[in-house]
Amino acid sequence: MSAGENGGSGGCINGIKSALRVIPNFPKPGIMFQDITTLLLDPKAFKDTIDLFVERYKDKDISVIVGIEARGFIFGPPIALAIGAKFVPLRKPKKLPGEVISEKYILEYGSDCLEMHVGAVESGDRALVVDDLVATGGTLCAAMNLLERAGAEVVECACVIEVPDLKGRERLRSHGKPLYVLVESQFEPNSQ
Amino acid sequence: MDTLKIFNSNVVIQRFFYSGNFVNQLKLTALSFSSTCPKKRSISASTAPVGTGGRHFHTAASNHRNTSCFSHMAAPTSDGHKEDVKDDRISRITSAIRVIPDFPKPGILFQDITTLLLDPVAFKDTIDLFVERYKDKDISVVAGVEARGFIFGPPIALAIGAKFVPMRKPNKLPGAVISQEYSLEYGTDKIEMHVGAVQEGERALVIDDLIATGGTLCAAISLLERVGVKVVECACVIELPDLKGRDRLGDKPLFVL
């Protein structure tokens with residue numbers, strides 16, 4: 001489900017949506033890049049974003065929030081702090097010191113890899129995966145695999161933005177996991 | 001391996017223990033830090049006056065200036081209980097940080113904050129300590145350096161009602177950016193900030209998890225000052241005093257936990 005369907009938080013959502021901006025042709029021609037940095041420049045909209053997630057998850061007994069490098073590091077920790085959960089960063093290879101487990105995943109061209117510290121997550125932990133945006137869902141699936149390999153239960157994946165055409169939601173559904181987003185992407189660059 | 005560092009005056013004894021590869025215990029007694037202290041001249045050729053702290057074998061005559069890697073909150077309070085509470089928070093934070101030897105290269109002791117993030121109380125205390133320090137300082141911008149600065153910066157920004165501006169490696173930020181190059185031990189690197197993220201006259205805080213040589217923080221300060229922003233202070237969870245980052249910042253104040 002997306003928060004846009006929730007009438008009550010409609011005002012908040014509009015504020016958040018209008019704070020996002022779209023940069024055409026980044027990083028490659030033809031891609032409409034959804035830029036959340038403008039959201040971070042609006043303290044009220046940023047706070048509303050976090051509050052919406054916190055409202056949803058504070059009573060769900062979440063013990064760990066996993067954030068995907070690097071923009072997941074911006075949204076994950078504030079939510080974790082508010083609900084009293086651990087925050088576990090998932091990183092590109094060789095960034096995390098010490099023992100890690102890795103999960104490879106497929107990109108449009110080639111593959112990439114996500115790593116998590118051994119011991120960060122325990123069997124029985126209830127986890128939330130946070131990232132700024134879901135596109136194909138490849139990164140989120142890799143994150144969920146890491147969590148499940150460590151024995152955690154993935155409760156949900158949460159993103160600020162969804163790019164519906166890239167079918168990330170379907171991919172997560174086939175993994176058996178729900179996805180919660182605040183907004184669906186816009187295709188016209190904002191005039192602001 | 002034990003390293004015993006002794007500071008003059010009655011302030012600090014620090015001992016580092018390693019047990020295996022994993023947990024590093026740091027014990028420290030109360031320290032103090034104030035940005036109003038008299039500045040010491042640096043040992044290096046730099047002519048800029050140097051801020052306090054971060055140095056071993058300190059011979060300052062000042063009565064409350066001796067700091068090491070970890071310094072306490074600013075103004076001493078007459079409320080003994082309050083100071084005890086702050087001490088407890090700091091010790092919980094320091095014991096939550098682990099040291100990984102020989103990462104990323106042999107000989108380097110890597111200060112890993114991820115274990116701090118696994119302790120919700122210690123993580124919250126970390127943020128609270130920064131928020132208490134900055135909430136009344138009229139800070140309109142918190143700038144965080146990729147990627148671990150993204151973990152600490154946003155919660156502080158949210159709590160004090162400031163904007164958060166990410167400083168990123170090249171080609172990560174879309175749209176128009178300004179860049180600042182800085183030197184590494186071997187070669188150079190670059191960080192970028194969005195054009196228009198900050199305005200002239202704003203008051204900024206720069207956050208990172210750790211300060212080593214100070215190169216990244218200096219680059220971040222440059223980016224902000226180039227567009228007319230006043231950098232009020234740099235704040236980090238950890239300082240590696242031997243790498244003299246504090247000196248490199250010159251007259252810019254540095255606050256570390």
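We name chains A, B, ... by the order of the sequence lines, and we start the count at 1 in each one.
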Problem - Residue A:Ile74 versus chain B: region with a heavy atom under 4.5 Å - result: both

Practice task
Mind ranking A:Gly84, A:Ala85, A:Pro77, A:Ala82 by heavy-atom pairs under 4.5 Å with chain B and telling me who comes out on top?
Solution key: A:Pro77

Practice task
Return yes when atom NZ of B:Lys137 has more than 12 non-hydrogen atoms of other residues, nucleotides or ligands closer than 6.0 Å, and no otherwise.
Solution key: yes

Exercise for the section: Could you tell me which portion of A:Phe73 (side chain, backbone, both or neither) has an atom closer than 4.5 angstrom to a non-hydrogen atom of chain B? Expected result: both

Handout entry: Structural part of A:Pro97 lying under 4.5 Å from a heavy atom of chain B
Key = both

Problem - Residue A:Lys95 versus chain B: region with a heavy atom under 4.5 Å - result: backbone

Exercise for the section: Sort A:Phe87 into side chain, backbone, both or neither according to what part of it lies under 4.5 angstrom from a heavy atom of chain B. Expected result: both

Problem - Heavy-atom closest contact (B:Leu158 atom, A:Phe46 atom, distance) - result: CD2-CD2, 3.5 Å

Practice task
For a side chain to side chain contact (heavy atoms under 4.5 Å, CB included) with B:Lys163, tell me which candidate from A:Thr38, A:Leu40, A:Leu41, A:Thr37 qualifies.
Solution key: A:Leu41

Practice task
Kindly compute the distance separating CZ (A:Arg71) from NZ (B:Lys172), expressed to the nearest 0.5 Å.
Solution key: 8.5 Å

Practice task
Heavy-atom distances under 4.5 Å only: say whether A:Leu96 touches chain B with side chain, backbone, both or neither.
Solution key: both

Exercise for the section: Under 4.5 Å, counting heavy-atom pairs only, tell me which of B:Arg168, B:His194, B:Lys124 racks up the most with chain A. Expected result: B:His194

Handout entry: Spacing of CD belonging to A:Glu69 relative to CD belonging to B:Glu146, to within rounding of 0.5 Å
Key = 7.0 Å

Exercise for the section: Using non-hydrogen atoms and a 4.5 Å limit, figure out which bit of B:Pro166 sits close to chain A: side chain, backbone, both or neither. Expected result: side chain

Exercise for the section: Just give me the residue among B:Ala147, B:Pro104, B:Ala157, B:Gly144 that pairs up with chain A most often, heavy atom to heavy atom, under 4.5 Å. Expected result: B:Ala147

Handout entry: Among the listed options B:Val165, B:Val198, B:Leu173, the residue most often paired with chain A at heavy-atom distances under 4.5 Å
Key = B:Leu173

Problem - chain A contact via B:Ile127 - side chain, backbone, both or neither, heavy atoms under 4.5 Å - result: side chain

Problem - Under 4.5 Å from any heavy atom of chain A - which part of B:Asp102 - result: neither

Fill in the blank from the handout: Bottom line for B:Phe110: the part with an atom under 4.5 Å from chain A's heavy atoms is side chain

